[in-house]
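Along the sequence shown, residues are numbered consecutively beginning with 1. Remember, it's 1-based here, ligands and their atoms both numbered in the order they're listed.
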Amino acid sequence: MIQMRKLIIAIDGPSGAGKGTISRAVAARMHYRHIDTGAMYRGVAWKALREGIDLSDESAVAVLAARARFDIGEDYVRIDGHDVSAAIRTAEIDAAAAAVARQPTVRAVLIERQRAMGAGGGVVMEGRDIGTVVFPAADVKIFLDASPEERARRRANDPAHAAGRGPSAIQEVAAALEQRDLSDRTRAASPLVAADDAAVIDTTALSIDRAVERVMELIHGRLRSANC
Ligand code: DC
């Protein structure tokens, strides 16, 4: 079998666009590592709250981000050995992670760590700034998007995010999502924006399978054109 070069695949986009599910499926198909960088921002926020660090104390949060031991697996996230898989998917951490993600010093620390994790290739890295800042020379750049209504509906129905929220929570989720989107898109430090050379895929009316197929077509196209 021909040994193919191991690519860096960047998947960015707002919450509820399908990044997690699609990135995981693409990584499994490619036999690549899936890295959820949002879990790192969430983990830093979780650890800061746990240690009583003021979230607005940027340098203290950055020190914590540099020291935290992340272990991000397919179905778990551990910080310093604690399984925080469920604890980082609460409404409180949604807001705290968005606050931490606005801080340039914290971002600089996590971006360096993400570069180190992906440098060898063979990764599907998902986030907000992977194709623009973390790996601007990524082999394949995808920007997933969907309508705000559809993203809120998905988030409200996501069991990982539903803890403590009633069945009529769509409006509440939509309001929180809108708030967080605004924070992600308007922050000075690597705001959420599609890279100029990213393929934008609108998943509003796409099945997961179809979206995964679309990404796989782009990856195969890249492999063919690079002849790697
Ligand atoms: O993808 P997520 O919802 O788990 O991300 C959590 C927060 O971290 C969210 O506010 C966006 C932010 N984030 C970021 O700024 N850059 C990334 N590469 C990943 C996430």
Side-chain angles (χ1 to χ4, degrees), residues 8-24 34-49 55 58 61-62 64-65 68 70 72-73 75-77 79 84-118 123-136 138 141-146 148 151-152 154-156 158-163 173-195 198 203:
I8 295 176
I9 299 166
I11 302 195
D12 291 302
S15 315
K19 290 192 307 290
T21 312
I22 293 164
S23 304
R24 215 166 282 122
H34 166 235
I35 301 174
D36 171 9
T37 61
M40 298 174 77
Y41 288 94
R42 289 174 179 276
V44 167
W46 176 86
K47 191 166 148 70
L49 290 177
L55 288 183
E58 184 168 343
V61 179
L64 179 154
F70 294 105
I72 304 179
D75 52 6
Y76 64 84
V77 178
I79 309 286
V84 295
S85 317
I88 60 168
R89 309 277 168 200
T90 64
E92 184 191 20
I93 299 292
D94 284 352
V100 156
R102 294 182 72 83
Q103 300 173 343
T105 325
V106 176
R107 297 200 72 84
V109 169
L110 292 188
I111 287 166
E112 268 324 301
R113 296 190 69 168
Q114 290 154 12
R115 285 184 181 143
M117 290 163 118
V123 290
V124 178
M125 192 173 280
E126 65 160 294
R128 302 292 189 290
D129 60 343
I130 311 306
T132 49
V133 176
V134 180
F135 286 113
K141 297 187 191 180
I142 313 284
F143 190 89
L144 295 178
D145 211 346
R151 295 192 292 107
R154 288 177 188 165
R155 258 302 137 97
D158 180 352
H161 276 82
V173 171
L177 201 69
E178 198 182 321
Q179 194 70 39
R180 219 145 57 85
D181 276 359
L182 190 70
S183 173
D184 290 344
R185 290 183 203 271
T186 58
R187 66 177 177 229
S190 39
L192 171 66
V193 61
T203 67

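For Gln114, no heavy-atom contact with ligand 1 is shorter than 4.0 Å. Neither the backbone nor the side chain of Val134 has a heavy atom within less than 4.0 Å of ligand 1. With a 4.0 Å heavy-atom cut-off, ligand 1 is reached by the side chain of Arg107 but not by its N, CA, C or O. Residue contacts with ligand 1 for Arg180 involve side-chain atoms from C-beta outward but no N, CA, C or O (heavy atoms, distance under 4.0 Å).
For ligand 1, the atoms closer than 4.0 angstrom to any heavy atom of Ala98 are 10 (O). Every atom of ligand 1 is numbered from 1 in the order shown, and the set under 4.0 Å from a heavy atom of Ala101 is 12 (C), 15 (O). Contact atoms of ligand 1 toward Asp184: 9 (C), 10 (O), 11 (C) (distance under 4.0 Å to a heavy atom of the residue).
Looking at residues two or more places apart in sequence or on another chain, you find a salt bridge (charged side-chain N to carboxylate O under 4.0 Å, His left out) between Arg154 and Glu150. Scored by the salt bridge (charged side-chain N to carboxylate O under 4.0 Å, His left out) test, Arg24 finds Glu74 as partners (sequence neighbours excluded).
Phe135 contributes atom CZ, which lies 11.5 Å from atom NZ of Lys141 (distance to the nearest 0.5 angstrom).
The shortest N/O to N/O separation between Lys19 and ligand 1 does not fall below 3.5 Å. Residue Asp36 has no nitrogen or oxygen atom sitting less than 3.5 Å from a nitrogen or oxygen atom of ligand 1, judged on distance alone.
Contact check on Arg89 versus Asp36 returns a salt bridge, with a Lys/Arg side-chain nitrogen under 4.0 Å from an Asp/Glu carboxylate oxygen.
Of the listed residues (Arg89, Arg128, Arg155, Arg187), the one carrying the non-hydrogen atom nearest atom 1 (O) of ligand 1 is Arg128.
In terms of modelled atom types and a separation under 3.5 Å, the side chain of Arg187 and the main chain of Ser190 share a donor-acceptor contact.
Closest approach of Thr203 to Ala17, counting heavy atoms only: OG1-O, 2.8 Å.
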Exercise. When you look at Arg42 and Asp94, which way does the side chain to side chain contact (heavy atoms under 4.5 Å, CB included) test go after all the steps?
Worked result: CA-CA 7 Å; Arg42 289 174 179 276; Asp94 284 352; 2.8 Å; yes
